[in-house]
Asker: 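First, the structure itself, so that you have it in front of you.
Worth saying up front: this structure is predicted, and the values here are computed from it rather than measured.
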Amino acid sequence: MRVLITGAAGFLGSHLCEKLINNGHEVIGMDNFLTGDPQNIAHLSGNPAFSFIRHDVSNFIFVPGKLDAVMHFASPASPNKNSPYGYPNLPIQTMKAGALGTHNALGISKANRAIFLLASTSEIYGDPKEHPQKESYWGHVDPTGPRSMYDEAKRFAEALTMSYHRFHGINTHIVRIFNTFGPRMRLDDGRVIPNFIQQALRKEPLTIYGEGKQTRSFCFVEDLVEGIYRLLLSDTHEPVNIGNPFEMTMMELAAVINSMTNNTSGLVYHEAARLGDDPERRQPDITKAKNLLDWEPKYSLEQGLEITIPYFKQKLGIA
Ligand code: NAD
Ligand code: UDP
């Protein structure tokens, strides 16, 4: 297949480019480097199966030649209000990537009668009242809250994707991605795993936002891209959760990372750094992915961290 991947220079996009190329496909990466990094795809330049177009997906998308699939991953993704790369500091770009970007990506899919896959998110469940979260849950989201630029853009993107499927008959897929980590996350986008690993490697206390009792469930990137690849090739049009159901508190996560890095500086509490409407609990129900895609994660948190920590060490120049 000839596949367009938007957000190709980002964390997930760059791993997807590799996954598709390794499975024999041709990839056209697209990105405007808003939160991504050209370094993430530098190793692919010169590969005949890869080409790159620098472009903002909020504007009309043109790609020469026939496309077989479009995977729309372009969007800021970090909720950290203290990072210049966090979506609270890029509110208009975030809404445009989710709304106009999704419209343009669906438009080029339709013009090519290409498969379309949307990168949606567990954030569409908001601060959930149902636990764990099944795809049938409608969510608990404040449409004007501090996370609304991201959550509502993704909810609109899901609705638009289903509209193109139902009205235009496009073969669409929606993946609801739960917290994922691995090499090529930005050191400075403020998400919890890069923050904790980098603080631990510098022998600093880890910054816990709030009391640290809030939970997340972390999936290693290798597992995630395998699930997304299976969804792309499936005949499922309804949203599918992809994530690791192993749930833990941020205190527990901090303890694991401090232990794996031999950091004895402990923790520091930063209530003010926490973004409003921060979900208290998050855990995917992956029954649908198991049944429809025969997929489940293989990496434990520790196995994923054993690969991710050396990546951050190298980035920070720590021997
Ligand atoms: P990322 O910030 O590393 O990657 C996003 C990429 O999109 C960046 O390279 C950025 O430059 C690019 N981009 C942003 N706006 C753009 C625009 N207007 N035009 C072209 N490119 C643009 O983030 P990520 O973690 O790789 O997330 C990728 C996608 O997956 C996002 O859509 C995000 O919402 C979704 N997602 C990620 C996670 C996760 O845990 N990583 C969880 C849920 C959903
Ligand atoms: N968090 C934290 N310390 C940090 C960064 C984040 O305690 O240095 C918390 C944050 O408040 C949230 C959780 O870790 O409860 C996960 O945050 P992240 O930014 O990774 O993504 P989210 O799951 O909120 O989208």
Side-chain angles (χ1 to χ4, degrees), residues 1-8 10 12-13 15-31 49-51 53 55 57-58 60-75 97-122 124 134-136 153-178 223-243 284 286-296:
M1 289 199 294
R2 194 160 178 266
V3 185
L4 171 67
I5 301 183
T6 75
L12 298 182
H15 285 278
L16 273 174
C17 289
E18 269 174 9
K19 178 86 180 171
L20 273 284
I21 290 169
N22 290 341
N23 284 320
H25 304 286
E26 181 189 339
V27 170
I28 298 123
M30 181 171 281
D31 208 291
F50 183 74
S51 56
I53 301 173
H55 180 70
V57 295
S58 308
F60 183 85
I61 300 175
F62 173 73
V63 174
K66 172 88 177 79
L67 290 174
D68 302 301
V70 175
M71 304 179 82
H72 181 43
F73 279 70
S75 169
L100 304 179
T102 304
H103 187 221
N104 292 325
L106 279 161
I108 195 168
S109 297
K110 176 170 161 269
N112 284 274
R113 301 309 292 180
I115 304 169
F116 178 82
L117 185 142
L118 173 71
S120 186
T121 168
S122 52
I124 66 104
K134 287 195 187 76
E135 291 87 345
S136 54
K154 292 287 187 182
R155 288 170 71 98
F156 172 85
E158 287 202 6
L160 192 64
T161 300
M162 288 312 290
S163 298
Y164 268 69
H165 171 63
R166 293 185 182 123
F167 188 74
H168 289 305
I170 304 299
N171 180 4
T172 61
H173 308 284
I174 297 173
V175 56
R176 290 186 180 154
I177 302 168
F178 282 66
D223 281 331
L224 184 93
V225 296
E226 175 62 28
I228 291 175
Y229 185 65
R230 289 184 189 205
L231 180 61
L232 179 74
L233 302 182
S234 77
D235 53 14
T236 299
H237 307 297
E238 299 299 318
V240 178
N241 291 338
I242 301 279
I286 59 164
T287 310
K288 218 171 164 181
K290 279 185 184 162
N291 291 342
L292 297 175
L293 310 175
D294 190 25
W295 175 88
E296 63 184 322

Asker: Do the side-chain N and O atoms of H237 and T172 include a donor-acceptor pair separated by under 3.5 angstrom?
Answerer: no
Asker: Can you tell me if R155 uses its side chain to pair, donor with acceptor, with the backbone of I124 under 3.5 Å?
Answerer: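 Yes, the answer is positive, given that a donor and an acceptor are paired below the 3.5 Å cut-off.
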Asker: How far apart are the closest heavy atoms of H173 and S234, and which atoms are they?
Answerer: CE1-O, 3.0 Å
Asker: Should N171 and F116 count as side-chain neighbours, where that means a heavy-atom distance under 4.5 Å?
Answerer: no
Asker: Between Y164 and H103, what is the ring plane arrangement, given parallel below 30°, perpendicular above 60°, and tilted in between?
Answerer: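 Rings of Y164 and H103: perpendicular, over 60°.
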Asker: Can any side-chain N or O of K154 pair as donor or acceptor with the backbone N or O of S122 at less than 3.5 Å?
Answerer: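 Absent.
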Asker: Strictly below 4.0 Å, N to O, side chains only: are K19 and E226 in salt-bridge contact?
Answerer: yes
Asker: For a quick test of reading the model, state the closest non-hydrogen atom pair linking W295 to G243 and the distance between them.
Answerer: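 Taking W295 first and G243 second, the nearest heavy atoms are CH2-O, 3.4 Å.
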Asker: Output yes when a side-chain donor or acceptor of T6 lies under 3.5 Å from a complementary backbone atom of F73, and no otherwise.
Answerer: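 Present.
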Asker: Okay, side chain of N104, backbone of S58: is any donor-acceptor separation there less than 3.5 Å?
Answerer: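 It does hold such a pair.
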Asker: Can you name the nearest heavy-atom pair linking A97 to H72, along with the distance?
Answerer: O-NE2, 3.2 Å
Asker: Mind running side-chain contact (heavy atoms from CB on, under 4.5 Å) on M30 and I61 for me, showing each step along the way?
Answerer: CA-CA 10 Å; M30 181 171 281; I61 300 175; 3.7 Å; yes
Asker: Where the side chain of H25 meets the backbone of R2, is there a donor-acceptor pair that is under 3.5 Å apart?
Answerer: no
Asker: Given L293 and I242, is the side-chain contact (heavy atoms from CB on, under 4.5 Å) satisfied, shown in steps?
Answerer: CA-CA 10 Å; L293 310 175; I242 301 279; 4.0 Å; yes
Asker: Surrounding CG of D294 (heavy atoms of other residues, nucleotides or ligands, distance under 6.0 Å), is the total greater than 12?
Answerer: no
Asker: Any chance you could lay out the side-chain contact (heavy atoms from CB on, under 4.5 Å) test for D68 and K66, step after step, and finish with the verdict?
Answerer: CA-CA 7 Å; D68 302 301; K66 172 88 177 79; 4.2 Å; yes
Asker: Closest heavy-atom contact between N241 and I286?
Answerer: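 That would be O-CG2, 4.2 Å.
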